[in-house]
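A quick write-up on the structure given underneath.
Heavy-atom basis, side chains included; hydrogens, waters and symmetry copies ignored.
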There are 4 protein chains.
Amino acid sequence: MSPRKKEDNEAIRERRKAHILEVALNLFARVGYESTTISKISNEAKISKGLLYNYFDSKEDLLKSLILDLNKMEEGMMSSVIDDDPQVMLRNIITAFFKTLVEDKDKWKLISALTFQVEKFEFIQDLASQKMLGYHQLFEDLLTRSEIENAKEEAQMLGAIFDGIAFQYLVIHGEYPLNQMKDYLIKKYCSN
Amino acid sequence: MSPRKKEDNEAIRERRKAHILEVALNLFARVGYESTTISKISNEAKISKGLLYNYFDSKEDLLKSLILDLNKMEEGMMSSVIDDDPQVMLRNIITAFFKTLVEDKDKWKLISALTFQVEKFEFIQDLASQKMLGYHQLFEDLLTRSEIENAKEEAQMLGAIFDGIAFQYLVIHGEYPLNQMKDYLIKKYCSN
Amino acid sequence: MSPRKKEDNEAIRERRKAHILEVALNLFARVGYESTTISKISNEAKISKGLLYNYFDSKEDLLKSLILDLNKMEEGMMSSVIDDDPQVMLRNIITAFFKTLVEDKDKWKLISALTFQVEKFEFIQDLASQKMLGYHQLFEDLLTRSEIENAKEEAQMLGAIFDGIAFQYLVIHGEYPLNQMKDYLIKKYCSN
Amino acid sequence: MSPRKKEDNEAIRERRKAHILEVALNLFARVGYESTTISKISNEAKISKGLLYNYFDSKEDLLKSLILDLNKMEEGMMSSVIDDDPQVMLRNIITAFFKTLVEDKDKWKLISALTFQVEKFEFIQDLASQKMLGYHQLFEDLLTRSEIENAKEEAQMLGAIFDGIAFQYLVIHGEYPLNQMKDYLIKKYCSN
DNA sequence: GATGAATGAGATTTCATTCAT
DNA sequence: CATGAATGAAATCTCATTCAT
C-alpha cells in the first residue's frame with residue numbers, strides 16, 4: 001500500500017470539511033447555534049470530537065467558516081443573473097431568489113436566526129446590512145432603467161418583499177403559495 | 001407591625017414580575033435567549049437569582065410568560081384599529097404597525113429570533129404561523145372591500161411587506177427610511 | 001376584647017407545635033427528611049414559613065423535637081404493659097407492639113428510615129441501639145422467668161422478629177398477615 | 001501513537017463505572033442518598049464531576065444503576081444455594097445470608113434506607129416487596145418438605161427473622177452476636 | 001491522523017433561613 | 001404574633017475544549 005498522495009489528502013480534507021459544514025448548518029438551522037453541541041455535530045458527521053477540532057479551531061470558527069461559505073455561494077448565484085436588459089435581469093433575480101429559497105432553506109433559516117442576535121455575532125449583522133443596501137442600490141438601478149414610477153420607493157419595497165416572503169415561507173413551511181407570489185412579482189415588476 | 005396586607009404583596013409581586021419580564025425581554029432580544037443567563041437577568045433586575053425562581057419556575061417558563069405577555073399586548077393593539085371603513089382601517093393598521101415597530105423594537109426582535117428556532121420553541125412558530133394567516137385573511141377582506149385589484153395577491157404582498165420592513169429595520173437600525181415607507185404604503189393602499 | 005390569657009396563649013402554642021410536628025412526621029415518613037422542604041411543611045400546616053421558625057429553631061431542631069416526642073410516646077406505651085406475671089407482660093408487649101405498628105405507622109417508618117443514615121443523625125442510631133439492648137434485656141428476663149428454654153437466644157430472636165415484622169409490614173403494606181403473626185407469636189411465647 | 005483500541009476503551013469505561021458505583025454505594029449507605037453530593041462522589045472517586053456525567057445521566061440514574069447492580073449480585077448468590085435436600089438448602093441459605101450481611105453491609109444499608117422512602121423510589125419498594133414474597137414462598141416450600149410443624153407461619157417468621165437480624169446488625173454494628181444467631185437458627189430449622 | 005475519556009468553568013436550580021413590614 | 005418576599009450558599013448538570021494514547 002503506497003502512501004496516499006498529497007493531493008488525495010487535501011481532497012479528503014476538503015470533502016470532510018464540507019461534510020462537517022453541511023451537518024452543522026442543518027443542526028444550527030434546526031435547533032439553533034447555542035443549543036447545538038459539538039458532540040451532536042461530530043456524532044451526526046460520524047467523526048470524533050477531536051477530529052472536528054482538527055478542522056476548525058472552535059465552535060465559533062466553525063460558524064464563521066459556515067457564514068463565509070454561504071456568502072460565497074450567494075455571490076456565485078448573483079453573478080449568474082447578470083443581464084444587460086434590466087427587465088430580464090430583474091426576472092432572473094426573482095427566479096433565482098425563489099429557487100434558492102426552496103433549495104437552501106436551511107441556509108436562509110440560519111442566517112435569519114443569527115441576524116437577530118446582534119451582540120454575539122455583530123459581523124453577521126454587518127454582512128446582512130451591507131447586502132441589503134447593495135440590493136437596494138441594484139434594484140433602484142434596475143427599476144429606474146425599467147422606467148418604473150417611484151423607482152426608489154419601489155426598490156425599497158421590493159427588498160422588503162423578498163425578505164418578507166422568505167420570513168413567511170420559513171415560518172409557514174409547506175403551505176405558503178410560493179409560486180403564485182413569484183408569478184405575481186414577475187407580472188408586477190417585469191412587464192413594462 | 002401588622003403583617004403586610006394581601007393586596008400589598010400582590011402588588012409587589014406584579015411589579016417585580018413585570019420588571020423581570022422587561023429586563024429579560026431586553027436581554028433576550030439583544031444577546032439571545034440561550035446566551036442570556038439567569039445571573040445576568042437577576043443582576044440587571046437587581047434581585048437575587050433565588051428570587052427570580054420565586055416568580056418563574058424556570059428559564060423556559062420565563063420565556064413563555066414573556067411570549068404570552070407580548071401576545072396579549074398585540075391583541076390589545078389590534079383591537080384599537082378597527083373601523084367600518086376598510087380604507088380607514090387599513091390606514092390605522094399601517095400607522096399602528098410603524099408605531100409599534102419603533103416602540104416595541106425589542107419585542108419584535110425577540111419574536112423574530114425565536115421564530116427561527118423551530119425545534120426548540122415549536123409553540124412560538126405555531127403562534128406566529130397562526131398570526132400570519134389571520135392577517136392575510138384580514139388584509140384580503142379589507143383590500144377586497146376597498147376594491148383594489150388582485151386583492152388576494154396584494155394581501156399576501158402586504159403581509160410580506162410588513163414582515164420584510166420589520167426584518168430590514170431591525171437589521172439596519174437607524175438608517176432605515178421608516179417614514180418614507182409608511183407614507184408610500186398609505187399612498188399605495190389607502191387612496192382609492 | 002380582653003387580651004388572651006397567658007394560659008390560652010401557651011395552649012395555642014402547644015397545639016400549633018403539635019400540629020406542625022404531625023404534619024412534619026407525615027411528610028418525613030412519606031418522602032424523607034431531606035426531600036421534605038420547610039415550604040411544604042408550612043403549606044401543609046397552613047402557616048407561614050416565618051411562623052414555623054417561631055416554633056422551631058431549624059429544620060434539624062424540628063426533627064429532633066419529633067424524635068424526642070416519639071420517644072416519649074413509646075415510653076408511655078411501655079409503662080402500660082407492666083405486669084408481675086412474665087407471661088402476661090409478654091402478651092401485653094406483643095399486643096401493644098402490633099397495635100402501635102398499625103396506629104403509628106408513619107412514626108415507625110420515619111424512625112426506621114432515619115436509623116439508616118448514621119453519619120447525619122448519630123443520636124438516632126444511638127437511641128435505637130439503646131432501645132434494642134434494653135428490649136433484649138427485658139425479653140431475656142421475661143423468657144427466663146417464663147422458664148422457656150434457651151431464653152437468651154430466644155430473646156435475641158424475639159427482638160429480631162419484632163423489627164423484622166415491622167420492616168416487612170412497612171414494605172408490603174396492606175397485604176401483610178399481621179393478625180396471624182400476632183396470634184402465632186402469642187401461642188409460641190406465652191403459653192407455658 | 002495509534003488510537004486507543006475499542007476494547008481498551010470499553011475496559012476503561014467498565015472499570016471506571018464499577019469504581020464510581022462502589023464509591024457511590026459506600027457514600028449513599030453512610031450518609032444517605034440525598035445528603036451525598038455528586039461532588040463528594042467525584043472527589044472520592046478522584047475524577048471530575050463532568051466525567052461522572054459521562055457515565056451516568058443523572059444522580060438518580062446512578063442510583064438506579066446501583067440498585068440493578070445489587071439486584072444482579074443477589075440473584076447470583078441465590079443460585080449458589082440450591083440443593084435437592086431442603087434441610088441442606090435451608091442451611092445453605094442461612095449461611096449465605098450471614099455471609100452477605102457482613103460482606104455486603106453497605107448494600108444492605110442502602111437498600112434498607114431507600115426502602116423506607118416510598119414516594120421517591122417506588123420501584124425500590126416494589127422490588128423489595130417482590131423479593132419478600134418470593135422468599136416466603138421458598139421458605140414455606142423448604143419447611144414443608146422438611147416436615148416442620150406450622151410451616152406456613154414459621155416461613156413468615158423466618159422471613160421476618162432475617163430482616164430483623166439485618167436491621168439490628170446494621171444498627172448495633174460490631175456488638176451484635178451474629179455467629180450465635182446463625183448457629184441457633186441452623187439448630188432450630190435444620191436439624192429434623 | 002483519529003479517538004473519546006477527561007476536565008473545569010459556568011449554567012440552572014433549590015431551599016433553609018432571615019427580615020421588613 | 002404573622003407573613004412571605006428576599007437572600008445566598010450550595011446542589012445538579014452541561015459542554016467546549018484538551019490530551020494521552
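Between D:S48 and C:D57, the residue anchored closer to the 5' end of DNA chain E is D:S48, taking for each the nucleotide with the nearest heavy atom. Each of C:K49 and B:Y33 has a nearest nucleotide on DNA chain E; the 5'-most of these lies closest to B:Y33. Nearer to the 5' terminus of DNA chain F, by closest-nucleotide assignment, is the contact made by C:Y55 (compared with the other of C:Y55 and D:E34). Toward the 5' end of DNA chain F, the nearer of the two residues C:N54 and B:L51, judged by each one's closest nucleotide, is C:N54.
In this structure, B:K40 and B:V31 approach most closely via the heavy-atom pair NZ-CG2, 4.4 Å. The shortest heavy-atom contact between B:L27 and B:E44 is CD2-OE2, 4.1 Å. In terms of heavy-atom proximity, A:S35 sits nearest to B:E34 at OG-OE2, 2.9 Å.
E:dG1 atom C1' lies 16 Å from atom NZ of A:K17, rounded to whole Å. One atom, CG of D:N9, and another, C1' of F:dA20, lie 11 Å apart when rounded to the nearest Å. The nearest whole Å value for the distance from the CZ atom in B:F56 to the P atom in F:dA5 is 13 Å. A straight line from CG of A:L62 to P of F:dC15 spans 16 Å, rounded to a whole angstrom.
In this model, the phosphate group of F:dC1 is not approached by any side-chain N or O of C:R16 to a distance below 4.0 Å at OP1 or OP2. OP1 or OP2 of E:dA16 lies within a sub-4.0 Å distance of a side-chain N or O belonging to C:K59. Checking the phosphate oxygens (OP1, OP2) of E:dG1, a side-chain nitrogen or oxygen of A:R13 falls inside 4.0 Å. Under 4.0 angstrom from either OP1 or OP2 of E:dT13 there lies at least one side-chain N or O belonging to B:Y53.
Listed candidates were F:dT17, E:dT7, E:dT12. Nearest to the side chain of D:I47 is E:dT7. Among the nucleotides F:dT3, F:dC13, E:dT7, the one closest to the side chain of D:S58 is F:dC13.
A side-chain contact (heavy atoms from CB on, under 4.5 Å) with D:R16 is found for one member of D:N54, D:I47, D:L52 and no other, namely D:I47.
Only at 4.0 angstrom or more do the heavy atoms of residues 37-46 of chain D sit from any atom of DNA chain E, so none qualifies.
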Practice problem: Under 3.5 Å for both distances, Watson-Crick or G-U wobble, that's the pair rule; now give the dot-bracket for DNA chain F, with | marking pairs to another strand and [ ] for crossing ones. | Solution: .||||||||||||||||||||

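When side chains are defined from C-beta on, D:F121 does not count as touching D:I67, because their heavy atoms never get closer than 4.5 Å. Counting heavy atoms from C-beta on, the side chains of D:L25 and D:D69 never come closer than 4.5 Å. By the 4.5 Å heavy-atom criterion applied to side chains, D:S65 and D:L21 are counted as neighbours.
Note that A:K64 lies outside the cation-pi zone of A:F56, set by a 6.0 Å cut-off to the ring centre and a 45° limit from the axis.
Here A:I111 contributes atom CD1 and A:K109 contributes atom NZ; the two are 14.0 Å apart, rounded to the nearest 0.5 Å.
Judged purely by atom type and a 3.5 angstrom limit, B:K59 uses its side chain to pair as donor or acceptor with the backbone of B:Y33.
Counting non-hydrogen atoms under 4.0 angstrom, D:S35 reaches nothing in the nucleic acid.
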